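Fair warning: this is a prediction, and the values are worked out from it, not measured in the lab. Numbered from 1 within each chain, the chains take letters A, B, ... in sequence-line order.
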There are 2 protein chains.
Amino acid sequence: MNVTIYDVAREANVSMATVSRVVNGNPNVKPATRKKVLNTIERLGYRPNAVARGLASKKTTTVGVIIPDISNIFFSELARGIDDIATMYKYNIILSNSDQNKEKELRLINTMYEKQVDGLIYMGAEISEEHVQQLKTSPVPVALAATIDSSETIPSVNIDYEQAAYEATSILIENGTKHPVFVTEETNSAVNERKYAGYAKALKEANQEINEDFVIKAGLSYESGVEAAKQVMELKDFPKAIFSASDELALGVIHGLQDNGLRVPEDVEVIGFDNTKLSTMVRPTLSTVVQPMYDIGAVAMRLLTKFMNKETVEEQNVILPHQIMKRNSTK
Amino acid sequence: MNVTIYDVAREANVSMATVSRVVNGNPNVKPATRKKVLNTIERLGYRPNAVARGLASKKTTTVGVIIPDISNIFFSELARGIDDIATMYKYNIILSNSDQNKEKELRLINTMYEKQVDGLIYMGAEISEEHVQQLKTSPVPVALAATIDSSETIPSVNIDYEQAAYEATSILIENGTKHPVFVTEETNSAVNERKYAGYAKALKEANQEINEDFVIKAGLSYESGVEAAKQVMELKDFPKAIFSASDELALGVIHGLQDNGLRVPEDVEVIGFDNTKLSTMVRPTLSTVVQPMYDIGAVAMRLLTKFMNKETVEEQNVILPHQIMKRNSTK
DNA sequence: TTGAAAGCGCTAACAT
DNA sequence: ATGTTAGCGCTTTCAA
């Protein structure tokens, strides 16, 4: 049997309430009593039971985090931002991988509710009607991180993907390629749509009619980037510039190109998206769109704390600034 | 107010005990009753409260995971293995970053106990006496993943670091470098000691007296690898082969070398450690020691489930096989 | 097969 | 400043 608050109360000759007050830092305790209680807590090795506290107080100081894949460098960076701010506000995180599998996502959300998390941070590609439904009827606050719900009805933190993609594509065009290739993830997400929209916008502005052959759907991984490079090379009259929807894909593209004797950026320019650690860990270093993953996670968590504290929030859909980082994969 | 088991019982005209039985899949319920209960659960939208269940049953189906840094590609891979097996056994994970900060680690362990986790997976570099003490007096089972406690008193999952380092170094020696350089992380961990021991063993076997100038202490990051490369180049009469204690460091070393006009592996051979995703995402691809991070996490979690189920475990300190993957950074 | 009832360890009024 | 007490929502004997 473990030491309970009741044991401490008995040993210290006070009531449970007083022990509770001491443990929770309630100022309404005479210093002498506090000391006495603290001593017997120490002596008995008492450790508060957070589960019992959670049941009684209806607060678990725990937030759920649903993430596509923690082993993905993009998401793990987000997770770090989330956990750091959570820690700062005395919350712990229950982390679960969804693999962007709809059933699993829905199940996970429900599990989080069962576990009585005080709030939920959700990351995922496709936000279906069912997702929105389950998230909107949540018993606790929810915030989306680096994921867009087109209904704009759930609080979220993102960057302006369209504008970012537009800028990245424009740079390529300014550098002399009329119609760059766009290598994108095949996932059917709102984020991807916006990146595409930005790409298309840049082309339109340059009076280029969009050629869908130049839009290459790839997987999420480095390997699919390598594959994509091959496809690009088979394009007749293929362009000398490629905009990739992620850094990992961009690296695959670059290496696929290099492995076939092409030089980057001399023969082909490549620009990525995200600015993961990877982008400086390769040669040539990768020019890319800076998406502040850590900050997105941190801000999403901060936003969530505001909701959990019932503070008023001015803007539910936060857009963080992005920028373009020119390194050596572009001229 | 939320729907409770009591509400369901009342609406279904059964006792709470029966509802509980249905929810928990207890077979001692007449099919008709079960159906009736299931219907009203559906109708009322009842969702079991895991916190109340945890208090009553003394099981939370949650395990704590203390990890140095989830944004590190090595640890995030471990975490993925942990979560996958946890999910398989119906556990959730409370994940916390320790930054290998001793105070934080100790505090985190305590927090996990307070949260009444059913078990704990711990990762960290230095396992001090205090760590061992706190972990050994744990109210729940503990397993170490990719971390060594020299007292060998806590269950753990690792590879044979010494043997692995020995093999890696030997390859370099066989390739013609009498006394390779060892670039290691300065962290004072048992794992590092064993890598060093393996390196030293290989040298000794080649009748090389160890030259401590050739053992370079670096940080954990890619950047410190780049720095290390500079130091290596300043070594008079510097060797043509480098064994690096991690892949990330190895990449830094390679690029540091390349940025100074040296070719890998023609001028200098480099072998890494871990076989993170990074190792195939660079050119030249990295030769390295394969450490099965995902499996270490998965096996550690599996081991933990055995302890949590009070199954007997034959071997508490699991050593997983490693291998050497020769790619293009060595000859 | 089902129900009654006693906790699990704590918080939060409410009293004093 | 401190104590009393009624829950929080569920599981788990023990009986029937």
Side-chain angles (χ1 to χ4, degrees), chain A residues 1-38 40-41 44-62 90 110-111 113-118 139-140, chain B residues 1-38 40-41 44-62 90 110-111 113-118 139-140:
Chain A
M1 213 65 246
N2 236 302
V3 181
T4 73
I5 201 172
Y6 175 80
D7 301 319
V8 176
R10 182 171 32 73
E11 291 288 314
N13 289 309
V14 295
S15 70
M16 286 164 57
T18 298
V19 178
S20 176
R21 288 188 187 100
V22 171
V23 170
N24 295 298
N26 184 317
N28 291 347
V29 182
K30 194 161 54 170
T33 349
R34 178 184 307 281
K35 191 167 182 187
K36 183 172 60 175
V37 171
L38 251 16
T40 97
I41 283 179
L44 302 186
Y46 168 70
R47 180 186 288 139
N49 180 325
V51 171
R53 174 183 290 171
L55 183 58
S57 68
K58 298 185 170 301
K59 287 189 178 316
T60 55
T61 61
T62 300
K90 314 280 188 205
N110 198 51
T111 303
Y113 294 161
E114 289 189 357
K115 295 250 170 171
Q116 310 299 120
V117 294
D118 292 337
V140 292
Chain B
M1 215 64 248
N2 236 302
V3 182
T4 72
I5 201 172
Y6 175 81
D7 300 320
V8 176
R10 182 171 31 75
E11 290 288 314
N13 289 311
V14 295
S15 69
M16 287 165 54
T18 299
V19 179
S20 176
R21 289 190 186 98
V22 170
V23 169
N24 295 298
N26 184 318
N28 291 347
V29 182
K30 194 161 53 170
T33 332
R34 177 185 308 280
K35 191 166 182 185
K36 183 172 62 173
V37 171
L38 252 15
T40 95
I41 283 179
L44 301 186
Y46 168 69
R47 181 186 288 138
N49 180 326
V51 171
R53 174 182 292 173
L55 183 59
S57 69
K58 299 184 170 300
K59 288 189 178 315
T60 54
T61 62
T62 301
K90 314 282 188 203
N110 198 52
T111 303
Y113 295 160
E114 288 189 358
K115 295 250 171 171
Q116 311 298 122
V117 294
D118 293 338
V140 294

Sub-3.5 Å donor-acceptor pair from the side chain of Asp118(B) to the main-chain atoms of Lys59(B), do we have one?
no
If I compare all heavy atoms of Val51(B) with all of Leu55(A), which pair ends up nearest, and what's the gap?
CG1-N, 3.6 Å
Is it true that a side-chain atom of Asn24(B) and a backbone atom of Arg21(B) form a donor plus acceptor pair closer than 3.5 Å?
no
Heavy-atom closest pair, residues Met16(B) and Ala9(B):
N-CB, 3.7 Å
Grab the CZ-C1' distance between Arg53(B) and dT12(D) for me, whole Å please.
13 Å
Using the side-chain heavy atoms of Lys58(A), tell me which of these nucleotides is nearest: dC10(C), dG9(D), dA1(D).
dG9(D)
Picking from dG3(C), dC10(D), dG9(C), the nucleotide nearest the side-chain atoms of Asn49(B) would be dC10(D)
Distance check needed: dT1(C) P versus Lys35(B) NZ, whole Å only.
18 Å
With respect to the phosphate group of dT11(C), does any side-chain polar atom (N or O) of Asn24(A) fall under 4.0 Å of OP1 or OP2?
yes
Would you please confirm or rule out a distance under 4.0 Å between OP1 or OP2 of dT2(D) and any side-chain N or O of Thr33(A)?
yes
Which nucleotide in the list dT2(D), dC10(C), dA4(C) gets nearest to the side chain of Arg21(A)?
dT2(D)
Test item: Lys115(B) side-chain N/O and Thr60(B) main-chain N/O as donor-acceptor pair under 3.5 Å:
no
Rounded to whole Å, please give me the gap between CG in Leu55(B) and P in dC8(C).
9 Å
Give Val14(B) one of three labels, base, sugar-phosphate or nothing, depending on what nucleic acid heavy atoms sit under 4.0 Å from its own.
sugar-phosphate
If I take atom NZ in residue Lys115(B) and atom P in nucleotide dC8(C), what distance separates them, rounded to the nearest angstrom?
23 Å
Measure from CD1 on Ile5(B) to P on dC8(D) and round the result to the nearest Å.
14 Å
Residue whose closest nucleotide on DNA chain C lies nearer the 5' end, Val19(A) versus Ala52(B)
Ala52(B)
Does dA4(C) have its OP1 or OP2 closer than 4.0 Å to a side-chain nitrogen or oxygen of Ser15(B)?
no
Please give, in whole Å, the distance from dG9(D) C1' to Met16(B) CE?
7 Å
Please classify the nucleic acid contact of Ser57(A) as base, sugar-phosphate, or nothing, using heavy-atom distances under 4.0 Å.
sugar-phosphate
Closer than 4.0 Å, any side-chain N/O of Asn28(B) to the OP1 or OP2 of dT1(C)?
yes
Any side-chain to backbone donor/acceptor pair from Thr33(A) onto Val29(A)? Under 3.5 Å, distance only.
no
Is the distance from OP1 or OP2 of dC10(D) to the nearest side-chain N or O of Tyr46(B) less than 4.0 Å?
yes
Checking all strands, does Val51(A) fall into the base, sugar-phosphate, or nothing category for heavy-atom contacts under 4.0 angstrom?
nothing
Distance below 4.0 Å between Thr4(A) side-chain N/O and dC8(C) OP1 or OP2
no
Measure distances between side-chain N and O atoms of Arg47(B) and base N and O atoms of dG9(D), and say whether any donor-acceptor pair falls under 3.5 Å.
no
To the nearest Å, give me how far apart OH (Tyr6(A)) and C1' (dT11(C)) are.
17 Å
Distance, rounded to the nearest Å, where Asp7(A) contributes CG and dG9(C) contributes P
9 Å
Does dG3(C) have OP1 or OP2 under 4.0 Å away from a side-chain N or O of Thr18(B)?
yes
